[in-house]
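Because the structure is predicted, anything quoted here is derived from the model rather than measured.
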There are 2 protein chains.
Amino acid sequence: MNTPRLRADAAENRARIVEVARAVVASSDELKLNAIARQAGVGQGTLYRHFPTREDLLAEVYRHEVEELVEVAPVLLAEHDPVTALARWFDRVADYARVKRGVFAAVEVGVWQDLSAHSLGPIGDAMTALLEAGKATGAIRPDVDARDVILLIGYLTRLDEEEWDTRARHLLGVVLDGLRSRE
Amino acid sequence: MNTPRLRADAAENRARIVEVARAVVASSDELKLNAIARQAGVGQGTLYRHFPTREDLLAEVYRHEVEELVEVAPVLLAEHDPVTALARWFDRVADYARVKRGVFAAVEVGVWQDLSAHSLGPIGDAMTALLEAGKATGAIRPDVDARDVILLIGYLTRLDEEEWDTRARHLLGVVLDGLRSRE
DNA sequence: GATTATTGTGGACACGTGTCCGTTTATATA
DNA sequence: TATATAAACGGACACGTGTCCACAATAATC
């Protein structure tokens, strides 16, 4: 399924790149592409063919985290009303984003990829599910979509450590209010 | 007042850098710092001493535009109710941001500078005035400030040309709703 | 196993950013 | 005008990004 013919050595290299990247990110949250290539014992070109942009690599590195976010969405919807579920989900995103800034980039690329295709990818679908549930009950305004939400909460990436505490959660609340229907 | 001793040649160089930068930005909206230095006939070091970051240079390049935004705020407040005034002001910002992406960076640096000092700078004051007016009538929630607004509308810089039309204005509306008091 | 088309490789290269520091130049003083 | 000193200069340098392409390895075919 996800092997549309991949040469053996290519797969090895790819795996090694991801492995090294994960290790580097885990210990420093930094990601210097050329350093990854060197440590993985491959050339720059090889790295860039496997992962054309830094975001593509981050998406792979943080795939587990993103999958967790995808999976928790329906759980939250089952337990709470749609707006609360969305709020809780925002909290999860913020938790990840705070510790590992790269997670948000991974989420971002997940929603942005396939702009041409109609698919949003799993993460986009998860966000869409949350929004649609809210629209169905009339709690969320009908004219917003997953991309809108990504754009609005993107400020999380530009917040530094010290402003995080005072602004991150607070502004998620403001955004949430903006997403609600005005009765 | 703004000349705490500045050597003659330094002033000349500074002026020439800004002049060149303005010309370059006007014709392409791009700003390659080393190219500016070369065209202005100064070394890289000189450019970086006058403008430590690219944003500082942008702030100077777009000073007129930013001043216009500062001045229009009280006018809008005189003509409209606070929320409408804020909405109109957002429109102005969006107009600038669309044509010249750098304007928003200039606004951003204007509000962010002097984080240590309590002053927000003129642009921050203008935004604050709009927000305070709204808080006074109860239309705007009391727990938001100028920095919050900058963070929220920062998505404008990450929007490309084709998504602009469908999302920029629309999301400004969403943000505005988030800023309103929930009655 | 040899041949061949194709896929993948890797490192040199061009570019932009930002820093550092030895040298130059303006200005105050005499 | 000569001198001292502090301010300003400028370009070399180190670094990270991303591209390009001659070459090498693989896997399919005979």
Round to a whole Å and report the spacing from CZ of Arg49(B) to P of dG10(D). 9 Å
Quick one: Ile17(A) CD1 to dG8(C) P, roughly how many Å, whole number? 12 Å
Once you round it to whole Å, what is the distance between C1' of dT17(D) and CZ of Arg38(A)? 15 Å
Picking from dG16(C), dG18(D), dC9(D), the nucleotide nearest the side-chain atoms of Thr46(B) would be dC9(D)
Hydrogens and angles aside, do Thr53(A) and Asp56(A) bring a side-chain donor and acceptor to less than 3.5 Å of each other? yes
Residue Lys32(B), side-chain atoms from C-beta onward, closest of dT17(C), dG10(D), dT17(D): dT17(C)
Counting only side-chain N and O atoms of Asn34(B), is one of them less than 4.0 Å from OP1 or OP2 of dC15(C)? no
Please classify the nucleic acid contact of Arg54(A) as base, sugar-phosphate, or nothing, using heavy-atom distances under 4.0 Å. sugar-phosphate
The residue among Val93(B), Leu120(B), Val107(B), Asp145(B) that forms side-chain contact (heavy atoms from CB on, under 4.5 Å) with Ile150(B) is Val107(B)
Any side-chain heavy atom of Val109(B) sitting closer than 4.5 Å to one from Leu58(B)? no
With the sugar-phosphate defined as primed atoms, P, OP1 and OP2, and the base as all remaining atoms, what B/S/- string results for nucleotides 25-30 of chain D, 5' to 3', for protein heavy atoms under 4.0 Å? BSS---
Gly43(A) or Gly45(B): which one's nearest nucleotide on DNA chain C is closer to the 5' end? Gly43(A)
At under 4.0 Å, does any side-chain N or O of His50(B) touch on OP1 or OP2 of dC9(D)? yes
If I take atom CG in residue Leu31(A) and atom P in nucleotide dG18(D), what distance separates them, rounded to the nearest angstrom? 11 Å
What is the distance, rounded to the nearest whole Å, between atom CZ of Phe51(B) and atom C1' of dT17(C)? 17 Å
What I'd like to find out is whether the side chain of Leu33(B) reaches to under 4.5 Å of the side chain of Phe51(B), using heavy atoms alone. no
Is the shortest side-chain N to carboxylate O distance from Asp95(A) to Arg92(A) below 4.0 Å? no
May I ask you to decide if Leu69(A)'s main-chain N or O and Trp89(A)'s side chain share a donor-acceptor pair within less than 3.5 Å? yes
Considering only heavy atoms and no angle criterion, is a donor-acceptor pair shorter than 3.5 Å present between the side chain of Gln44(B) and the base of dG18(C)? yes
Going by atom types alone, do Asn13(A) and His50(A) pair a side-chain donor with an acceptor below 3.5 Å? no
Over all strands shown, is Ile36(B) touching base, sugar-phosphate only, or nothing at heavy-atom distances under 4.0 angstrom? nothing
